[in-house]
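Just below is one structure, and these are the notes that go with it.
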Amino acid sequence: MEYNFSDIESKWRAHWKQTKAYKTPNDFNKPKCYVLDMFPYPSGAGLHVGHPLGYIASDIYSRYKRLKGFNVLHPMGFDSFGLPAEQYALDTGQHPAVTTKKNIETFKAQLDNIGFCYDWEREVQTSDPNYYKWTQWIFLQLFNSYFDKKGNKAKPIGNLIQQFNTVGSLPVTMNHAPFTATEWKSFDEKKQQDILMNYRLAFCGYGEVNWCEALGTVLANDEVVNGVSERGGHPVVKKKLRQWYLRITEYADRLLQGLDTVDFSDAMKEMQSNWIGKSSGAEIDFAIKKHSSQSKSSENSPLEGGLEGASLRVYTTRPDTIFGVDFIVIAPELEVVHQIKSAEQTAAVDEYLAYVKSRSERERMAEKKISGVFTGAYAINPFDGREIPIWISEYVLAGYGTGAIMAVPCGDERDFKFAQHFQIPITNIIGAHFNGQEANATKEATLENSGFLNGLVMKEAMEVAIKAIEEKGIGTRKVNFKMRDAAFSRQRYWGEPFPIKWINGIAYPIDESELPLTLPDVEKYTPGPDGQGPLANIENWVKQPVKLSKESEAKVLSSGKDLGEAGTLETNTMPGYAGSSWYFLRYMDPQNENNFCDRKVSDYWNQVDLYIGGTEHAVGHLLYSRMWTKALYDLGHIGFDEPFKRLVNQGMIQGSSRFVYRVQGENKFVSFGLKNKYAHDAIHVDVNMVDGYDLNIETFRNWREEYANADFILEDGKYICGSEVEKMSKRYYNTVNPDDLCFKYGADTFRMYEMFLGPVEMSKPWDTKGIEGVHRFLKKLWRLFYKEIKAPTSVGVGEAAFIVTAEEATPAELKVIHQTIKKIESDTERFSFNTAVSGFMIAVNELTDLKCHKKAILEPLLILLAPYAPHIAEELYAQLCKVHPTSHTEGGEVSILDAPYPIFEAKYVTETSKEYPISINGKLRTTMHIALDATEADVKALVLENEIVKKWLADKEPKKFIFVKNKMVNVVI
RNA sequence: GCCCGGGUGGCGAAAUUGGUAGACGCAGCAGACUCAAAAUCUGCCGCCUUCACCGGUGUGUCGGUUCGAGUCCGACCCCGGGCACCA
């Protein structure tokens, strides 16, 4: 019998399915291990070889942990809401639910082909109403909570209402004037709800959003890349719209601090902290100089009391440079611009504002030219009374800090360039540190021309300046974040409906008993009117009667509305990241109908011990799920506030594209080496028609009709293709389907080869060459168990006998297996799967050399191998148990899944003597066998007696001996 | 521009704390078995020199620390990824 992987693999897959081998119980008595993959979006293209890389790694780790006695949760599911399915529906009219279902089936079949140990009974799909019921429920928890700044945590909104009722507004108000308890009670329902909306963790508000016309929806900041949509690359513009948001900014500090408690790569932590973008400094008020020619201030001027005594607030991280301020710049979008501009400058300012408005986000980012205009107004430096011109320029962003900055050209590159461009005189406060040619952002300089800060080193001056500012009452210490609140609504169909009903312009939560609020079936997926989603077109859905939450119901009734008729459902849907922000919790308790996840169950499974996925989710999914976890923790629904204890980022597998070169104007193709002799065009050719770089010309001719009669200019009788590394994608014809490889070599070979390619974290182009080597290894392993006793004939394979004996193992054999146990264990623990595969190869080579066919050696080897190549390991193990039953295996077939993990015995790996390299002055000269327990004096004597050492020493006396324990000896002369 | 990674044979890559660089695999070369092929097995495989042994040299470049550097330090070059007017 030879290694017939296809029979073996289908047999064992059926067996696992039938016996529910991977069913994971919530068994609280066993130690747990939670291993999670980022679940896929089920696209129509199916899997390519890049996808399973992380899945294989996590599968190996899961199986390993299981053998080590852990109760392992290793689930899989689908992130099945999302734009592509809806775009496809728009084009073809097929319901997204239908295409999604089909795609998921394809994915599952492909995944099962590779032999993963998922418990499919725990599968989740974000578009399943039984799942999104709880997404909506969590949304309601966020809606019904606010962030208590003092306690630094989320609390029920009821606490806040009680506070308003008893003592009035909080010390720090959010976008509204302070009020007393009595005033609060006098406010009408609308006013009260509007104020509360400023506090809710999930809230609705007007704001500048990223609007993508082509996709017909708004996008979150992380979904916009270089001014275009991440998906599809469509232009994105800023637009003021009513939108739902998550108040993630309140968690900025905790999201930052939490990074210290988790095991993520430094690069990942860095990306997240850059995105959060914490900076500390101060806000400072600059009085505005009264100006005779000032234009009349409009009625709703933000400058209280007109220009008289008005001031402008700037944000700076460098209050120590306050004496170096040579001008102030305001973002053009700020209203205040119109109040301060002088009559003479009005025309210039208005012209500039028109120019700024005409520029798209894209242009602004693409060409960063220096532009701006003087407003005609001056501010007064609060410390030395200097008059400072106020400019506007698009390099200052309205949305960050106060939208106004104090410009210190000697210390800031942008300010310097601006000053240079507009010939604004520069004050030097850092002496020799400033050369007049470029700004110097040092913090080490001793300050000059800086009033009371003179003589101080900048670092120290920082504190002194802030104190002075606060004492003078002209500003405060201030921390700012780059991160914005996350846009949470999409004007699309294929997403979770919001459990919100609008009545009289007030958003009311619907009652939990109404969940899930399901998506209606629709005929058309075109957007509704006024930038609304497709749901707005379905009147009977929008107006359907739903029960509101008890408090809301009372409020609505008291305002005299009929509950059945009143109001309309929110027509936006939630974004793709809603469902993925908490799916790891649902896996723990996926069938629970009364709770998103039972608290006892989540206390048991707790944090994800190992999370595997790509870096592309660094600032999206990973931040959102961390925030949701923190909010659920604050509200007491779970017992941990970081979801992922350890994160491993698998590298991207790129495609290795192949090209043929068509001679221009002819149906003739020239081989790579000769292509420069002709005018040619490079054309992608399917990698599966190319062996290495040799084109299979017959297959190519059959590929497309137009190539059937093509001519070829060959070199050395071959057509050599060109190559390039690109993203793996259908349109480059460089995708390799795992199904094909599993069919040709088997899943075990495929799994081990993917791991053998290199470290999981590393990105690399796919190369199928080399898979033969891994396949050969498995065949060689097979031959340790089976021996051909009759040569194969033309009509069939040869007969083979199972040749494993019960003989006792020799020390040499024991050494091999114990070395292997040690290596595989440490490699698996530290995620070095490529070296682990090498370890197996070495072991099999050595055992073949030793002609070892002993159960005592091969049984542990199979158990070690089971996580990597589960099918062949199960097959050989079953056969072994049949031929050599033991107490453990008696009474029927025992699966390798429950086999006792082999124990590594140190005595077989450590030796009594060792061959030491002997170096002289660091150069290797010879080797000697020395007992490990020899003293340094013994070694010294032995080495000095050695003939070769004597020769190299000549007459010289050794200065010293260096002993590297169990490694080598070095003689210094 | 700034911040992370990373540069090791023809190729993918190994190398716990500085201690025999290139394990393992692919490709290549030579040989065994075969009428032949496939499969399998054996040997060689960084570069220079040599019939061979020996020797020299070698981990992007230059320099440093050390008895000893792929590994540590300094300067530079190249590649990959992330961020990019956040004051």
Side-chain angles (χ1 to χ4, degrees), chain A residues 2 225-226 265-271 273-275 277-279 281 314-318 321 329 364-365 368-370 393-397 399-408 411-415 417-418 441 480-484 615-616 618-619 649 651-652 654 692 725 752-753 756-759 761-774 776-777 779-780 783 788 791-792 798 826 830 832 834-843 845 848 915-927 958-973:
Chain A
E2 66 176 14
V225 178
N226 290 328
S265 71
D266 288 343
M268 173 61 62
K269 289 185 179 181
E270 171 118 357
M271 269 189 253
S273 57
N274 280 346
W275 184 263
K278 182 176 181 169
S279 71
V314 302
Y315 172 69
T316 181
T317 55
R318 297 296 299 273
T321 62
V329 190
R364 230 169 124 156
M365 285 204 271
K368 288 174 196 159
K369 54 181 179 185
I370 300 165
S393 171
E394 59 178 347
Y395 88 88
V396 173
L397 306 177
Y400 184 76
T402 62
I405 60 151
M406 52 179 236
V408 182
D412 183 281
E413 198 54 42
R414 293 155 302 182
D415 297 346
K417 285 192 173 136
F418 193 85
N480 263 326
F481 296 94
K482 285 194 216 173
M483 186 167 68
R484 302 293 135 84
T615 40
E616 66 272 19
V619 294
N649 298 115
M652 261 223 306
Q654 295 129 313
V725 173
M752 293 196 90
Y753 184 57
F756 186 64
L757 273 177
E761 298 91 335
M762 195 183 277
S763 288
K764 58 230 153 193
W766 177 262
D767 181 12
T768 305
K769 283 222 159 179
I771 195 168
E772 296 274 359
V774 175
R776 249 170 242 159
F777 149 74
K779 285 197 275 189
K780 206 164 174 178
R783 285 196 297 273
E788 296 243 333
S826 91
R830 64 193 178 96
S832 180
N834 54 331
T835 54
V837 175
S838 299
F840 284 118
M841 290 177 172
I842 295 167
N845 285 346
T848 303
E915 190 174 19
Y916 275 70
I918 310 296
S919 298
I920 291 159
N921 275 350
K923 284 240 188 293
L924 175 75
R925 294 307 177 194
T926 185
T927 61
K959 277 203 201 97
K960 65 172 167 177
F961 276 72
I962 293 161
F963 302 90
V964 180
K965 202 165 184 279
N966 291 348
K967 288 263 170 68
M968 66 184 296
V969 177
N970 188 23
V971 185
V972 183
I973 50 178

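Sequence lines set the chain letters: A, B, ... in the order given, protein chains first and strands last, and positions in each chain run from 1.
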Looking at [X], does any N or O in its side chain come under 4.0 Å of the phosphate oxygens OP1/OP2 on [N]?
X        : N     : result
A/Arg783 : B/C41 : yes
A/Lys764 : B/G12 : no
A/Tyr395 : B/A87 : no

Expressed as a whole number of Å, how far does the [atom1] atom of [N] sit from that of [M]?
N     : M     : atom1 : answer
B/G55 : B/G64 : C1'   : 28 Å
B/A23 : B/U16 : C1'   : 15 Å
B/G60 : B/G7  : C1'   : 6 Å
B/G19 : B/A15 : P     : 12 Å
B/C11 : B/U65 : C1'   : 35 Å
B/U61 : B/G10 : C1'   : 23 Å
B/C47 : B/G1  : P     : 39 Å
B/C45 : B/G68 : C1'   : 28 Å

Check A/Phe481 against A/Tyr400 and note the closest heavy-atom contact, atom names and distance.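 Heavy-atom minimum between the residues: O-CE1, 3.5 Å.
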
Just wondering, are more than 12 heavy atoms of other shown residues or ligands nearer than 6.0 Å to NZ in A/Lys417?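 Atom NZ in A/Lys417 is not crowded, with 12 or fewer foreign heavy atoms closer than 6.0 Å.
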
Do [X] and [Y] have side chains that get closer than 4.5 Å, going by heavy atoms?
X        : Y        : value
A/Leu757 : A/Trp766 : yes
A/Ser763 : A/Gln654 : yes
A/Trp275 : A/Met483 : yes
A/Val971 : A/Asn921 : no

Between [N] atom [atom2] and [X] atom [atom1], what is the distance in whole Å?
X        : N     : atom1 : atom2 : answer
A/Ile370 : B/C85 : CD1   : C1'   : 11 Å
A/Glu413 : B/C85 : CD    : P     : 15 Å
A/Lys769 : B/C24 : NZ    : P     : 21 Å
A/Glu772 : B/C26 : CD    : C1'   : 10 Å
A/Lys278 : B/C83 : NZ    : P     : 22 Å
A/Lys923 : B/A69 : NZ    : P     : 8 Å
A/Asp412 : B/C2  : CG    : P     : 15 Å
A/Trp766 : B/A13 : CH2   : P     : 13 Å

Using the side-chain heavy atoms of [X], tell me which of these nucleotides is nearest: [options].
X        : options             : answer
A/Asn845 : B/G25, B/C41, B/A87 : B/G25
A/Thr317 : B/A87, B/A23, B/G25 : B/A87
A/Met841 : B/A87, B/C24, B/U40 : B/C24
A/Leu757 : B/C4, B/G12, B/A87  : B/G12

Looking at residues at least two apart in the chain, or sitting in another chain, which of them share a salt bridge (Lys or Arg N to Asp or Glu O under 4.0 Å) with A/Asp415?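 Salt bridge (Lys or Arg N to Asp or Glu O under 4.0 Å) list for A/Asp415, sorted by chain: empty.
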
Under a 3.5 Å cutoff on both atom distances, Watson-Crick or G-U, what's the dot-bracket for RNA chain B ([ ] crossing, | other strand)? (((((((..(((......[....))).(((((.......))))).(((......)))..(((((..]....))))))))))))....

What verdict does the side-chain contact (heavy atoms from CB on, under 4.5 Å) test give for A/Leu924 and A/Met968, after you've listed the backbone C-alpha separation in whole Å, the side-chain angles of each residue and the deciding distance to 0.1 Å? CA-CA 10 Å; A/Leu924 175 75; A/Met968 66 184 296; 5.7 Å; no

If you restrict it to nitrogen or oxygen atoms, what contacts under 3.5 Å exist between nucleotides 14-20 of chain B and the protein, and what is each distance?
residue: B/A14; atom: OP1; partner: A/Asn834; partner atom: ND2; Å: 3.0
residue: B/U17; atom: O4; partner: A/Lys967; partner atom: NZ; Å: 2.9
residue: B/G19; atom: N2; partner: A/Asn970; partner atom: ND2; Å: 3.4

Residue whose nearest RNA chain B nucleotide is more 5′ - A/Gly839 or A/Lys779: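 Looking at RNA chain B, the more 5' nearest nucleotide goes with A/Gly839.
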
Select from A/Val837 and A/Gly401 the residue whose nearest nucleotide in RNA chain B is closer to the 5' end of that strand.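 Comparing both residues, the 5'-ward one is A/Val837.
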
Which is true for [X] with a 4.0 Å heavy-atom rule: it touches a base, it touches only sugar-phosphate, or it touches nothing?
X        : result
A/Ser265 : nothing
A/Lys959 : nothing
A/Asp266 : nothing
A/Val396 : base

Could you please spell out the steps behind the side-chain contact (heavy atoms from CB on, under 4.5 Å) verdict for A/Arg318 and A/Val408? CA-CA 9 Å; A/Arg318 297 296 299 273; A/Val408 182; over 6 Å; no

Begin with the C-alpha distance, continue with both residues' side-chain angles, and end with the deciding distance and a verdict on side-chain contact (heavy atoms from CB on, under 4.5 Å) for A/Arg925 and A/Ile918. CA-CA 6 Å; A/Arg925 294 307 177 194; A/Ile918 310 296; 5.8 Å; no

Please determine, by modelled atom types, if A/Asn845 and A/Lys780 share a side-chain donor-acceptor pair under 3.5 angstrom.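 There is such a pair between these side chains.
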
Check step by step if side-chain contact (heavy atoms from CB on, under 4.5 Å) holds for A/Tyr753 and A/Thr768. CA-CA 9 Å; A/Tyr753 184 57; A/Thr768 305; 5.5 Å; no

Syn or anti conformation of B/G82, syn meaning chi within 90° of 0: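 Anti, which is what one calls it when the glycosidic angle falls more than 90° from 0.
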
